[in-house]
Amino acid sequence: MLRTHRCSELRLKNKGENVVLSGWVKKTRDLGGMTFIDLRDRYGITQLVFDMDQDENLCTKARKLGREYVIQVKGEVRERSNKNPNIPTGDIEISAKELSVLNESKTPPFTIEDETDGGEELRMKYRYLDLRRNINQRNIKLRHQLALEIRKYLSTNDFLEIETPYLIKSTPEGARDFVVPSRLHPGEFYALPQSPQTFKQLLMISGYDRYFQVVRCFRDEDFRADRQPEFTQIDCEMSFVERQDIFNIFEGMCKHIFKEIKNIDLPEVRLMSWDNALKYYGTDKPDIRFGMEFVELNDIAQNKGFKVFDSVELVVGINAKGCAGYSRKQLDKLTDFVKRPQIGAKGLVYVKYNDDGSFKSSVDKFFTRDDLKKWAERFNAKPGDLMLLLAGDKMHVRKQLSELRLEMGDQLNLRKRDEFAPLWIVDFPLLEWDEENERYHAMHHPFTAAHHEDTRLLEIEPEKARANAYDFVINGVEVGGGSIRIHDHDTQQKMFNALGFTKEEAEKQFGFLLKAFEYGAPPHGGIAFGFDRLVALFGGTDSIRDYIAFPKNNAGRDIMIDSPATITEMQLNELSLKVH
Ligand code: ASP
């Protein structure tokens, strides 16, 4: 037997037992006649003791062990004289009687500790060693538990997990496809799914009225921080449902996982229109753990001689409660923050509503006390508050102020890690205009239905139609999104028209779906959750990479296996890809 116990298991009650443990050498300490070793496995750490006086050879052998050697030890459980209250096995140690080296190890390129000395790049290259660290083991376990609870909840609610193919043909989800050349069909290509969208809809037509899948999706997008070219969705679809049915089931799912995994009762899920999300938070994924909603001031701040305000589409601000005491330096820092190229504001206007009721602002030259008083009323500001304003065109200024709002939320500690504020964002526009290509794009995807009363707009004013789509947002993170789908041939055809597809193009790309709609397609709708993001939200850190066993770096590379990589001339030939 290679082990009788795991490294987390033994306690005082096991005192006197002879046990066998196996694991990795975490640390060796030589103290005079004694050598102590921390032995580690996935479950924990147990201290081993080798005593010169008892067995000189054995002790000498132990002293030669390097970090991360894999060893097996037989010995007796003893009470420690020097107890360690920080680990569950801290009351005992193993007095070693036999030691075998199961495998040696080179000195690892970084320390396998919570506070490691290894940089990101090095840890990615040796990801299998990085994965030995506690924090990563915790994250990978969390991922497993979350998937398990989701599977349990959905299965209990009659959902079937059904696999859909990975070698398919392109589905438009707004990104580029990864393609796979076909050897047997020269010049032809499979595409890897950006999502199983069309397949899950076909399953509804097949009558599997509750489907889900924990599924890998592939999108060939430009690199951005924290994007992975392959990522995992909890993909779901239901038949005979309206929006509210979807909300009920998936609010239930989220409540279930928060309760089971965090023992948190998730608060009521709020509903917010896309328009209002942009108007009051400047983003379609607002963090509503705190208020600080946007206040628009055009009618009272324009035409007072301040050119910066007069020439713009929108003057808008937030009230940072209790911040009137901010120093010059703090205000300059905020100004620098909004002027950073990533944010791109031209400047920041501030108004301090001092404790004595007076105002001090960066625009005192242009506005009277009465003007500023009116602003304060609009902001619902009280003495002691600080109003921060930006001006510009709607789209940009809202985005900029949204960043500032989050920054102030952080500075004022209003974004509490253990608080979760979920909401549905609804009523997205169905289409958005693509300036560059001079055509409409589906904002969600082309299978999304318009609101019932807006369907007729598809043919006349498609830009005015609202989508029956919804995003699920928690703490400023879009964790899921979906829609009620079009389920009849003619409406789907009209949608493709509105998107600028000719009948032939639509037929070539989606003929299979259009045809299927002619064979009894039930009303249906669904949603997909970004599983990696959901795990990150539960884990309490921002980077999804921390929760993926073998992630790619920011440039989409796996630097451990060195991929992407070139292939041989012979492979290129076989795939008819040879560049002549
Ligand atoms: N397929 C969609 C996506 O990947 C989700 C959905 O509409 O169910 O975003």
Side-chain angles (χ1 to χ4, degrees), residues 270 272-284 286-339 343-414:
R270 274 175 57 188
M272 191 183 294
S273 73
W274 182 80
D275 280 340
N276 280 343
L278 288 183
K279 188 170 157 77
Y280 295 113
Y281 301 92
T283 166
D284 56 6
D287 182 349
I288 54 163
R289 274 174 295 182
F290 65 110
M292 211 185 277
E293 289 168 6
F294 289 12
V295 172
E296 298 188 352
L297 296 170
N298 284 24
D299 56 328
I300 50 175
Q302 287 185 317
N303 304 320
K304 300 270 178 187
F306 183 46
K307 283 219 182 64
V308 175
F309 281 3
D310 292 350
S311 57
V312 298
E313 196 182 1
L314 184 65
V315 180
V316 58
I318 49 174
N319 177 12
K321 287 213 154 296
C323 293
Y326 263 38
S327 64
R328 180 83 244 167
K329 206 165 146 205
Q330 281 172 302
L331 290 167
D332 285 347
K333 250 186 150 171
L334 287 182
T335 309
D336 290 345
F337 174 82
V338 295
K339 280 170 124 177
I343 299 187
K346 292 223 172 60
L348 175 70
V349 169
Y350 71 83
V351 184
K352 291 178 170 182
Y353 194 171
N354 295 322
D355 284 331
D356 63 6
S358 67
F359 291 101
K360 171 86 195 87
S361 83
S362 55
V363 286
D364 280 346
K365 263 199 265 166
F366 304 96
F367 298 96
T368 64
R369 183 175 190 284
D370 278 351
D371 289 333
L372 299 181
K373 188 110 213 269
K374 275 200 198 114
W375 294 13
E377 273 162 25
R378 181 74 58 89
F379 275 106
N380 201 10
K382 302 278 170 303
D385 291 352
L386 171 71
M387 294 165 264
L388 299 167
L389 284 74
L390 294 176
D393 67 89
K394 252 187 201 166
M395 196 183 90
H396 288 108
V397 80
R398 282 176 168 169
K399 235 192 198 148
Q400 293 157 359
L401 191 61
S402 163
E403 297 290 340
L404 181 63
R405 175 178 173 271
L406 294 178
E407 170 65 22
M408 291 312 296
D410 282 334
Q411 288 197 10
L412 299 175
N413 198 19
L414 301 173

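Of all heavy-atom pairs between Ala345 and Leu390, the closest is CB-CD2, 4.2 Å. When every heavy atom of Val312 is checked against every heavy atom of Ala391, the shortest pair comes out as CG2-CB, 3.8 Å. Pairing each heavy atom of Ser402 with each of Phe294, the nearest pair is N-CZ, 3.5 Å. Of all heavy-atom pairs spanning Val338 and Ile343, the tightest one is O-CG2, 3.4 Å.
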- Tell me, with the steps shown, if Tyr353 and Lys373 meet side chain to side chain contact (heavy atoms under 4.5 Å, CB included). CA-CA 9 Å; Tyr353 194 171; Lys373 188 110 213 269; 3.9 Å; yes

Fill in: Verdict with supporting geometry, Asn319 and Asn380, side chain to side chain contact (heavy atoms under 4.5 Å, CB included)
CA-CA 8 Å; Asn319 177 12; Asn380 201 10; 5.5 Å; no

CA sep, side-chain torsions, deciding dist, call: Phe379, Leu297, side chain to side chain contact (heavy atoms under 4.5 Å, CB included) | CA-CA 9 Å; Phe379 275 106; Leu297 296 170; 3.6 Å; yes

### Message
Checking Tyr350 against Met387 for the side chain to side chain contact (heavy atoms under 4.5 Å, CB included) test, could you report, in this order, the C-alpha distance in whole Å, the side-chain angles of both residues, the deciding distance, and whether it holds?
### Response
CA-CA 6 Å; Tyr350 71 83; Met387 294 165 264; over 6 Å; no

- Go through the steps to decide whether Asp332 and Thr335 satisfy the test side-chain hydrogen bond (donor to acceptor under 3.5 Å, both in side chains), and finish with yes or no. CA-CA 5 Å; Asp332 285 347; Thr335 309; 4.9 Å; no

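The existence of a salt bridge linking Asp370 and Lys374 is excluded, since no basic side-chain nitrogen approaches an acidic carboxylate oxygen closer than 4.0 Å.
A donor-acceptor pair is defined here as one N or O able to donate and one able to accept, closer than 3.5 Å; no such pair exists between the side chain of Asn354 and the backbone of Asp356. Using modelled atom types, one side-chain atom of Arg378 and one backbone atom of Glu296 make a donor-acceptor pair closer than 3.5 Å. In this structure, Asp310 contributes its side chain and Gln302 its backbone to no donor-acceptor pair below 3.5 Å. The backbone N or O of Glu313 lies less than 3.5 Å from a partner atom in the side chain of Asn298, making a donor-acceptor pair. Judged by distance alone, with hydrogens and angles left aside, the side-chain atoms of Gln330 form a donor-acceptor pair with the main-chain N or O of Ser327 at under 3.5 Å.
Counting heavy atoms from C-beta on, the side chains of Cys323 and Met408 come closer than 4.5 Å. Proximity of Phe290 to Leu412: side-chain heavy atoms (C-beta onward) are nowhere separated by under 4.5 Å. Asp364 is listed as a side-chain neighbour of Leu372, based on a closest heavy-atom distance under 4.5 Å. Between Val363 and Leu389, every side-chain heavy-atom pair lies at or beyond the 4.5 Å cut-off.
Arg405 forms no cation-pi arrangement with Tyr280, by the criterion of a distance under 6.0 Å to the ring centre and an angle within 45° of the ring axis.
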